[in-house]
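Okay, structure first, notes after.
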4 protein chains.
Amino acid sequence: MRTNDEPGGQTFTERARRTQIVGCAIELVAEAGYPAASIGKIAERAGVAKSVVLYYFSTKEKLVHTLVMEIFLASVPVMVPAIAAEETASGKLRAYIRSNGEFIHTHRDHALAMLEIWTSYRSATGQRLDEEMAESTARQPPQGDLAALDPTTIFELGQRTGEFRAFPVHHMTTALRQAIDGAVLQSSRDAGFDVPGYCEELVTIFDLATKGEP
Amino acid sequence: MRTNDEPGGQTFTERARRTQIVGCAIELVAEAGYPAASIGKIAERAGVAKSVVLYYFSTKEKLVHTLVMEIFLASVPVMVPAIAAEETASGKLRAYIRSNGEFIHTHRDHALAMLEIWTSYRSATGQRLDEEMAESTARQPPQGDLAALDPTTIFELGQRTGEFRAFPVHHMTTALRQAIDGAVLQSSRDAGFDVPGYCEELVTIFDLATKGEP
Amino acid sequence: MRTNDEPGGQTFTERARRTQIVGCAIELVAEAGYPAASIGKIAERAGVAKSVVLYYFSTKEKLVHTLVMEIFLASVPVMVPAIAAEETASGKLRAYIRSNGEFIHTHRDHALAMLEIWTSYRSATGQRLDEEMAESTARQPPQGDLAALDPTTIFELGQRTGEFRAFPVHHMTTALRQAIDGAVLQSSRDAGFDVPGYCEELVTIFDLATKGEP
Amino acid sequence: MRTNDEPGGQTFTERARRTQIVGCAIELVAEAGYPAASIGKIAERAGVAKSVVLYYFSTKEKLVHTLVMEIFLASVPVMVPAIAAEETASGKLRAYIRSNGEFIHTHRDHALAMLEIWTSYRSATGQRLDEEMAESTARQPPQGDLAALDPTTIFELGQRTGEFRAFPVHHMTTALRQAIDGAVLQSSRDAGFDVPGYCEELVTIFDLATKGEP
DNA sequence: TATGAATGAGCGTTCATTCAT
DNA sequence: CATGAATGAACGCTCATTCAT
């Protein structure tokens, strides 16, 4: 009954365990794929009992949500400053692609796990991750960092300043996000895939694609 | 007596059942995702016993292979003639994107199922679909139609004729394939997604991206 | 509607098919063991449809009974004359062991299949082969050849003539039958096992064991 | 707090359950035969869910190995001291047969289960129990108790001391093992079979058979 | 805080058998 | 005479989850 309750209602031990489990889960999902990443195997990798995982994350669904958040938060310090340092929309776009590529390159497991979850995860009711998130964030739209990490913002800026041609922003966003995910996909097939090189090509592609003919 | 010696050694009943099961499987994979498309659920949807599915496709792996082949073959008459009708590389590229979009639009379930399998399927040994296919086609590389449906061919043609700038072909291929898959993804989230509109934008994007400044 | 009904109510074709299926079944049981010898695999080996097997032998149980009878009948021409040619009980015993060994040697599949069925087969109600047979032959005790192939007869003869010492006949029978089955067992583990050599040793063993001290 | 750190890292509950399951499995195999002893039926007999059996023995193969070990270990205290107490080879041989008979008599289910497994078990790859064991003990040959329980040792001793005549040891071993297994077989057919009486006859048989004429 | 124990639903697969043709 | 089609029960096994301690 020591007074070891930390702010946020979590003890030091609890935070450590959660971090450890999340780390192992990310590794396992990246290596074996989401469907093969059972709670039992995650626990085994973490060296704890299976029930411990469910003690901290009462449901597999909640564990996945935590994973996603963890991965997203890991990308913020890499991407947000890089984008913010640029002033022009095309500068921000280049920074977005390059810093995302850098994140994929330096955090391969994080990126692989995210893609696995993104493509394979379904809730008990059959919903995909984005559908679940869309529901929970319907009333509370993303702000701050989350907004900064949405290419939409950049494309809208560029169209406002006249740097970019008139294109449907959400379509360009889809194309860009998918193209970047391609880096993760190739990296998952071939650990030696040249992610920075691929992203440099993406910079060229979307530079040309957003500016259009003079 | 005619039903028993059809070409391919398959009776009328057999072909009908196989078609029906494949159809139900495609629907279910498209709706619920690959991991949720168990043999039992496929059978239930088809209104037959689980063992009937395994009577026609002795293994789930074989069922998946059949699905993939079926979907691929459905795309051929839509895409191949459209691409072949164009002479220039940029014409072929536009036709590739537009006809692929048309296929996604008119064969939504096929496209969704293929994407699901592409991203979620793993063989018993953990191999992905493309890794399995890469193994089986190692000695017998694709020819004819299959080659025509690989954007690589188009990009190489364009670089030879000088229509396209010098870019790493495999990177451009990855970006294009991913961008097109984006149409499927969006369509799975929102059945009313404007696939042709999106693809028209892709036409512009890759037109600009492949030509570039001199 | 040709008048091809043979005596016994079986057509030529029918007998041929039955022989063929029984032969394949014996081979398969010998090779893969009884539990692995499913009707489907037997049919496959015979090159007929699974239902054909059940058309001729309406039940797997009946097929097994036929197999056993077939194997037994195959042993008769090898063993019975050899035993009958001897006059003394110890002569008949030697002939029994040697001819049984010869049968095992020349009909390895038959012997292996019999042993597999003997040790592994259970009817739907859990009964073993001998228990089933004991039931069906309760009222109709074996005669003629069957009696000749039961070592009991030989042992009783030897005790009557004074050639053999006084031992409990059924115990000696059990020991002998088991010892001979050992040849099959060893042969199943090692195809090159020296069955005749082993049986020659059995001849010595049971010669000594039945005569006892002078 | 004491239950959790027993020797072997097993809790009291775990050992109890394992013992219970192994006991039920031995009973069931003895009664219904190995093929009929499914995990589900073993669980049913133990009054637990099917998954509980797999919780303690992650694979049926492992359960079988445990069964075999359990049965073997149960025979050691009965047979080894009895054999060790004799000095001559023929004394050891008599003790071997009699103590084995005693074990079969007092541990009928154990003996039946062992014989069932011995004759019917096949691993996933089709290997029999002895073939599996031969593989695993190839580098680490059995010593001490295991060697004492192999009749080969006794026969070799007797030939060295001149008590036994010159016979091929492995053939005599096969015959003896098979003859003793006959006791189990008869006992399984008839619960009232006189195992000690049969073994006493075996003592006579192999006494005569190993000594022979000069 | 942490865990061992237990469960039930579901998985892919095999199999003997039935039946209409 | 022969078969293709279909079935239901059972199999070994995995998994997320519950619960008492």
Side-chain angles (χ1 to χ4, degrees), chain A residues 1-2 4 11 13-14 17 35-43 48-63 124, chain B residues 1 3-4 9-14 16-17 35-43 47-63 124, chain C residues 4 11 13-14 17 35-43 48-63 124, chain D residues 1 3-4 9-14 16-17 35-43 47-63 124:
Chain A
M1 201 49 94
R2 302 248 188 81
N4 57 355
T11 64
T13 311
E14 173 157 5
R17 268 269 186 274
S38 67
I39 290 189
K41 289 200 200 118
I42 292 168
V48 298
K50 183 165 55 162
S51 44
V52 173
V53 175
L54 285 151
Y55 173 75
Y56 285 103
F57 309 90
S58 51
T59 285
K60 199 185 184 190
E61 240 162 76
K62 287 200 180 129
L63 172 59
Chain B
M1 194 60 80
T3 57
N4 224 2
Q10 297 184 354
T11 65
F12 170 76
T13 311
E14 167 152 15
R17 265 275 183 271
S38 68
I39 290 186
K41 293 211 197 101
I42 292 167
V48 296
K50 182 163 61 161
S51 45
V52 172
V53 176
L54 287 152
Y55 173 74
Y56 288 100
F57 307 91
S58 48
T59 282
K60 198 184 183 190
E61 211 159 291
K62 280 188 185 145
L63 173 58
Chain C
N4 55 357
T11 65
T13 312
E14 174 158 3
R17 268 269 188 274
S38 67
I39 289 190
K41 290 201 200 116
I42 292 168
V48 298
K50 184 165 53 162
S51 43
V52 173
V53 176
L54 284 151
Y55 172 75
Y56 285 102
F57 309 89
S58 51
T59 285
K60 199 186 181 187
E61 239 162 78
K62 288 201 180 127
L63 172 58
Chain D
M1 194 58 81
T3 57
N4 223 1
Q10 296 184 354
T11 65
F12 169 76
T13 311
E14 168 152 16
R17 264 273 184 272
S38 68
I39 291 186
K41 293 213 197 98
I42 292 169
V48 298
K50 183 163 60 162
S51 45
V52 172
V53 176
L54 287 152
Y55 174 73
Y56 288 100
F57 307 91
S58 49
T59 282
K60 199 185 181 189
E61 210 158 293
K62 281 189 186 145
L63 173 58

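Values below: all heavy atoms of this structure, side chains included; hydrogens, waters and symmetry mates excluded. First the proteins, then the strands, lettered A, B, ... as listed; each starts at 1.
- Applying the side-chain hydrogen bond (donor to acceptor under 3.5 Å, both in side chains) criterion to A/S58, with sequence neighbours excluded, gives A/K62.
- Here the P atom of nucleotide E/dT3 and the CZ atom of D/F12 are 22 Å apart, to the nearest Å.
- Per the geometry, NZ belonging to C/K60 stands 15 Å off P belonging to E/dT14, to the nearest Å.
- Here B/S51 pairs with nothing under the side-chain hydrogen bond (donor to acceptor under 3.5 Å, both in side chains) rule; sequence neighbours left out.
- Rounded to whole angstrom, the span from the CG atom of B/L63 across to the P atom of E/dT13 amounts to 10 Å.
- Straight-line distance from the CD atom of D/E61 to the P atom of F/dC13: 8 Å, rounded to whole Å.
- Between the CD atom of D/E14 and the P atom of F/dA20 there is a distance of 21 Å, given to the nearest Å.
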Which atoms of nucleotides 7-10 of chain E (N or O only) lie under 3.5 Å from a protein N or O atom, and what are those distances?
residue, atom, partner, partner atom, Å
E/dT7, OP2, D/A49, N, 3.0
E/dG8, N7, D/S51, OG, 3.2
E/dG8, O6, D/S51, OG, 3.1

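- Looking at DNA chain F, the stems built from 3 or more consecutive Watson-Crick or G-U wobble pairs, each pair with its key distances under 3.5 Å, are E:2-21 with F:2-21.
- Atom pair D/I39:CD1 and F/dC13:C1' shows a separation of 7 Å (rounding to whole Å applied).
- Both D/F57 and B/Y56 lie near DNA chain F, and the one whose nearest nucleotide falls closer to the 5' end is B/Y56.
- Checked against side-chain hydrogen bond (donor to acceptor under 3.5 Å, both in side chains), C/K41 has no partners two or more places apart in sequence or in another chain.
- For B/Y55, there are no side chain to side chain contact (heavy atoms under 4.5 Å, CB included) partners at least two apart in sequence or on another chain.
- The CD1 atom of C/I42 sits 8 Å away from the P atom of E/dA16 (whole-angstrom rounding).
- For the pair D/L54 CG and F/dC13 P, the interatomic distance rounds to 6 Å; values are reported in whole Å.
- For D/I39, the side chain to side chain contact (heavy atoms under 4.5 Å, CB included) test picks out D/K50, D/V53, D/L54, D/K60, with sequence neighbours left out.
- Using a 4.0 Å heavy-atom criterion, one finds that A/S58 contacts no nucleic acid atom at all.
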